[in-house]
Structures are given as structure tokens and as C-alpha cells.
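This is a predicted model, so every value here is computed, not measured. Residue numbers begin at 1 in each chain, while the letters A, B, ... track the order of the sequences.
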Protein chains: 2
Amino acid sequence: MIYSEFKKIVNISKEDISGQILEQNRDSIKVKKEKKVIENLIKIFDATLEICSRKSFQAMSIRDLAAHSGLSRGALYSYFTNKEELLNLIQMQGRQIANRVLTEQISCAGGAAEKLRIAIKTHIYLSEAMHNWFYFTYIEARNLSKPEQKKAIESELQTEAIFVDIITTGVKEKVFVSDNVILTASVIKAMLQDWYLKRWKYTQRKVSVDEYADFVIKVTEASLLRKK
Amino acid sequence: MIYSEFKKIVNISKEDISGQILEQNRDSIKVKKEKKVIENLIKIFDATLEICSRKSFQAMSIRDLAAHSGLSRGALYSYFTNKEELLNLIQMQGRQIANRVLTEQISCAGGAAEKLRIAIKTHIYLSEAMHNWFYFTYIEARNLSKPEQKKAIESELQTEAIFVDIITTGVKEKVFVSDNVILTASVIKAMLQDWYLKRWKYTQRKVSVDEYADFVIKVTEASLLRKK
DNA sequence: AATAAAAAAACGGACGTCCGTCTTTTTTTT
DNA sequence: AAAAAAAAGACGGACGTCCGTTTTTTTATT
């Protein structure tokens, strides 16, 4: 699979995302008409992620957000109860979608080697398709409240556990060789994250997402498939 | 070399760092007695890095800093002209030290393979010895002014270039095999950065810095030394 | 279909708080 | 006592949030 195919298959529309948020937070959203809510949530998230790709969430003022989203400050507070909740909303939703798609895609694969390749590709393609969400989720994690931070860490570890599982299965099946599965999973994650954390670098150098994904797979397999 | 040896050899005392900052910013520091300056700069940097390991630089108020450093708000402004300059000072100094030590250590090595091992170890050991500085420099880079951001990017690329050079030499000497030197250097950097970005994870799992460094070297060499 | 009434949504001024910074006063050192 | 350093206090500005009002949309009535 290449990225262009991935994008067609995995449909992550803004309406879906906003709809899901509405569903899960119906009580804290004061506006009643669902159409309006979804329409404006899209505006709010788009604007937030755009602004926060340039400055920190903390540095973004509600006035900034109002100006960029086209809603007034007052209207904004019909969609979230306070600024921190907006941060939590975006974080939670980003994690949920990423986790769902990743799990879905892996379930289709057969052997451990294929599973690993698909997991790597899916994660990188996902972070490409939802770059703003991934970047935001990572970079703003430290500004969360303690309980929300815990959720973020759990999610991070859960993603890692997916890789640990795949590699462990591969080792049992004698497809892979590894004397430290957890560290292997860790450095794979580090490479995956580099794609969305240093996107400016790869864009500048015209490294395509397909090229990067293939490279990470190659490095990983060089380590795991190697004959002792 | 292991970490405990590294720490003995590479002497990075707080006095030295502060002394260097004083030297390079004599004109913007209003206090005259050098002993006082160094004494208080240490307090200021310690407090800043400690606070900023818990919250963002922006979220740290000058009042926070005053309370933690033991100086008054007024006194603080004798050591930097404004809050942004304090950010720049720490960033600049962190990059300078890291770059100096890394360059020094590599110059001692012989062949490309050894150079690569030393570069990886030095970088990880450095980020361990100066964890707060590295974390701060990375995480706060996006809150810099445009010109300062440019310096940060240059520094990042310069570090990467060191690895590109080593690998290129190795390929020429037929010690390494690589069809994409730049991507190889990129993912090595990603693995190096993971050590100080996800330190909580490794600490929790009792992964030692030596163990991690050896592992990164192993992964890298599995990719570079592999027979085609 | 046109109009009136009601409901929903959006607006934006105002408030209290906290921030970075500047100025003045006090303390310490020489 | 003079000079240097530190502390304390003051100030204007920006922030998140609230809430009374206006505008827009929907529903009801003729």
C-alpha cells in the first residue's frame, strides 16, 4: 500500500471527527442544533490546529481563536466550557482516531512480518493525513492537567504495546530475532514520531511519506530479520 | 567508554557554563562583581530548568522564577533584559556546549565505524548529563523568535551533518553500506532524541543510559554493516 | 405565503486577575 | 557615607471568562 491508496481507504472526514466529539460531549455543548454544532466545531478545530502549528496552545488567546474561526468569543464558549477543555477535547479525539485506525489496519494482516510493515506504514500515513492533530497531541501533552497527562501516557504506551506484541509474536514464530523487544519497539516509535515532529525538514528535502515509511521498515527489518 | 567514565572526563560544571554566559553577555548584565553574577546565574538557570521541566517557559512567570531562585523580581532584571532574552541565553548556551563536546569527542576517534559509535554514545551521554538543558532546548524551540528559531534549526542540521559526514566517509571506505545517508542520519538523530524526550519511560523501565546507547549502536550497525 | 412570536445562536463590552517590566526604596558591601 | 545590589511596590496591558443585548433562525398563526 502507498499513501495515496491509504488516504482513499481510510476516510477521516472532519465531519466525522466533529460528530464524534459532539456525541461524546453532548452535555457540555450548549448549542442544540447538531448541524450548527458540527459546522462550528470544524471551524474551531481547524483554527486551533492552524494557530497551534505556529505557536503554543497557551500562547493562543481566545481572541486569536475567535478571529481565526470566525466565531465570537461568546459563541466559542457555547462549544466548550473553558480553554483547558478545548485542549482536552482535541487531545482525546486525536488519540482515539489514531488508535482506532491503527488497530483496524493491523487486524487485516497475516504474519508478524507483514503486521509490522503495516503497523509502521499505517502510523506514518496516519500522522501524515492528520499531521496537525499528531503534532498538537504530542507537543501540547505537557500542558495537560495531571489526570489528562496520565491518559496521554497510557495512550502512548498502548501504541508501543502494539509493536511489542507484533515483535514478540514474530520472535516466537522465529521470523524475528531480538534480544530486547521493548527497546526495539521504543526506537521504532521514535522513528515514527520523527516524521511528524520534524516534518519541516523532510518537506524541505522533498522526502516523500512513502519513501520515509519504506526506509523505517528497512532499518527495522535489518535489525529484526538479521541472521545472528 | 561507559557513562560513568564520560562524566569524569567531560567536565561540565555549572560555574563554567555561567562563566561562559557572563563572558558572552557582559554588557547586558548589570551586576559588576563577577563572583556574584556567576553565583546568581547558576541559581537562575537551575530554577528555570527545574520549573520548565514541569511547565512551559511561557507558563513560568517571573514571580515563579523569583520564588524558586531566591532572588527578587527586580534583581532578576539585573541579569537579563527581558524574559525572552533569558530563553535565548539558555538555548544558545545549551547548543554551544553540546556542539563543542560532541566535536571534541569525535576528533579523537579513528575509523568511521568507531567515529559513529563514539558520536552516538557522546550524544546520548551528553543528553543524560545535561538532561534539563537538552529537554528545554528541544521543547521550547518553537517559542523562539524567528531569528532565534533559525539558529536552533541550523544547530539541529549541523549535528545531523556530523552523522552524515561520518556515514559518508564510512561508505567511501566500504565499511558501511547505505543507499540513503541523509535518512540514516535522520533516524539516528530520532533515536538519540528519544532518550531525553521520553526519559520518564526509560527511567520507569530501569533502562540504563549505557544499555540504551549500546542498543542504538546495534540497530544502527545492523542497518549500515549489513551485507547486501 | 406573509407576518408575528419564540427560540437559538452569536456578539462584544466589562470585570477581575495575573503578567512582564519599570521605578523607587531598602539593605548590603566597601 | 558612598556605591552597588537586592527587594518591594507600582503600572499598564493582555488574558480568560461572564453575561446582557442583538441578530438570526425556526416555529406558529393568519
S.K.: To the nearest Å, how far apart are Leu86(B) CG and dT21(C) P?
M.R.: 10 Å
S.K.: Report all side-chain donor-acceptor pairs from residues 43-52 of chain B shorter than 3.5 Å, counting only partners two or more places apart or in another chain.
M.R.:
residue: Asp46(B); atom: OD1; partner: Lys14(B); partner atom: NZ; Å: 3.4
residue: Asp46(B); atom: OD2; partner: Lys14(B); partner atom: NZ; Å: 3.0
residue: Thr48(B); atom: OG1; partner: Ile44(B); partner atom: O; Å: 2.7
residue: Glu50(B); atom: OE1; partner: Arg54(B); partner atom: NH2; Å: 3.0
residue: Glu50(B); atom: OE2; partner: Arg54(B); partner atom: NE; Å: 3.2

S.K.: Whole angstroms only, please: what is the CG-C1' distance between Leu76(A) and dC15(D)?
M.R.: 14 Å
S.K.: Between Tyr79(B) and dA6(D), is there a side-chain N or O to OP1/OP2 distance below 4.0 Å?
M.R.: yes
S.K.: Tell me: OH of Tyr77(A) to P of dG12(C), nearest whole Å?
M.R.: 16 Å
S.K.: For residues 26-51 of chain A, which residues have at least one heavy atom under 4.0 Å from DNA chain D?
M.R.: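 Those residues whose heavy atoms fall under 4.0 Å from DNA chain D, taken from residues 26-51 of chain A in numerical order, are Lys33(A).
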S.K.: Please report the distance, rounded to the nearest Å, between CG in Leu65(B) and P in dG20(C).
M.R.: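 About 9 Å, once rounded to whole Å.
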S.K.: Sequence neighbours excluded, which residues qualify as salt bridge (charged side-chain N to carboxylate O under 4.0 Å, His left out) partners of Asp210(A)?
M.R.: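 If we apply the salt bridge (charged side-chain N to carboxylate O under 4.0 Å, His left out) test to Asp210(A), skipping adjacent residues, there are no hits.
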S.K.: Only counting residues at least two apart or in another chain, list the ones meeting ring pair (Phe, Tyr, Trp, His ring centres under 6.0 Å) with Tyr138(B).
M.R.: none
S.K.: Please report, rounded to the nearest Å, how far the C1' atom of dC19(C) is from the CZ atom of Phe57(B).
M.R.: 13 Å
S.K.: Who pairs with Tyr79(A) by ring pair (Phe, Tyr, Trp, His ring centres under 6.0 Å), at least two apart in sequence or on another chain?
M.R.: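 Ring pair (Phe, Tyr, Trp, His ring centres under 6.0 Å) list for Tyr79(A), sorted by chain: empty.
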S.K.: Tabulate below the donor-acceptor pairs under 3.5 Å that side-chain atoms of residues 64-75 of chain A make, not counting sequence neighbours, or state none.
M.R.:
residue: Asp64(A); atom: OD2; partner: Lys55(A); partner atom: NZ; Å: 2.9
residue: Asp64(A); atom: OD2; partner: Ser61(A); partner atom: N; Å: 3.2
residue: His68(A); atom: ND1; partner: Asp64(A); partner atom: O; Å: 3.3
residue: Ser69(A); atom: OG; partner: Leu65(A); partner atom: O; Å: 2.7
residue: Ser69(A); atom: OG; partner: Ala66(A); partner atom: O; Å: 3.4
residue: Ser69(A); atom: OG; partner: Leu71(A); partner atom: N; Å: 3.3
residue: Ser72(A); atom: OG; partner: Ala75(A); partner atom: N; Å: 3.1

S.K.: Is there a Watson-Crick or G-U wobble partner for dT26(D) with both distances under 3.5 Å, and if so, which one is it?
M.R.: dA5(C)
S.K.: Can you tell me how far the CE atom of Met92(B) sits from the CG atom of Leu89(B), to the nearest 0.5 Å?
M.R.: 6.0 Å
S.K.: Along nucleotides 7-14 of chain D, 5' to 3', which nucleotides get a B, which get an S, and which get a -, given that the test is a protein heavy-atom distance under 4.0 Å?
M.R.: BBBB----
S.K.: Which residues pass the ring pair (Phe, Tyr, Trp, His ring centres under 6.0 Å) test with Phe215(B), sequence neighbours left out?
M.R.: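 Once residues adjacent in sequence are excluded, Phe215(B) has no partner under the ring pair (Phe, Tyr, Trp, His ring centres under 6.0 Å) criterion.
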S.K.: Should Glu160(A) and Lys201(B) count as an ion pair when the cut-off is N to O under 4.0 Å?
M.R.: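 A salt bridge is present here (some side-chain N lies under 4.0 Å from a carboxylate O).
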S.K.: Expressed as a whole number of angstroms, how long is the span from Asn82(A):CG to dT17(D):C1'?
M.R.: 9 Å
S.K.: Whole angstrom is fine here: how far is it from CG in Asp64(B) over to P in dC18(C)?
M.R.: 12 Å
S.K.: Test of understanding: with ring pair (Phe, Tyr, Trp, His ring centres under 6.0 Å), list the residues that count as partners of Phe134(A), not counting sequence neighbours.
M.R.: His123(A), Tyr196(A)
S.K.: Could you tell me how far apart Ile62(B) (CD1) and dG20(C) (P) are, to the nearest whole angstrom?
M.R.: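 Taking atom P of dG20(C) as the reference, CD1 of Ile62(B) is at 5 Å.
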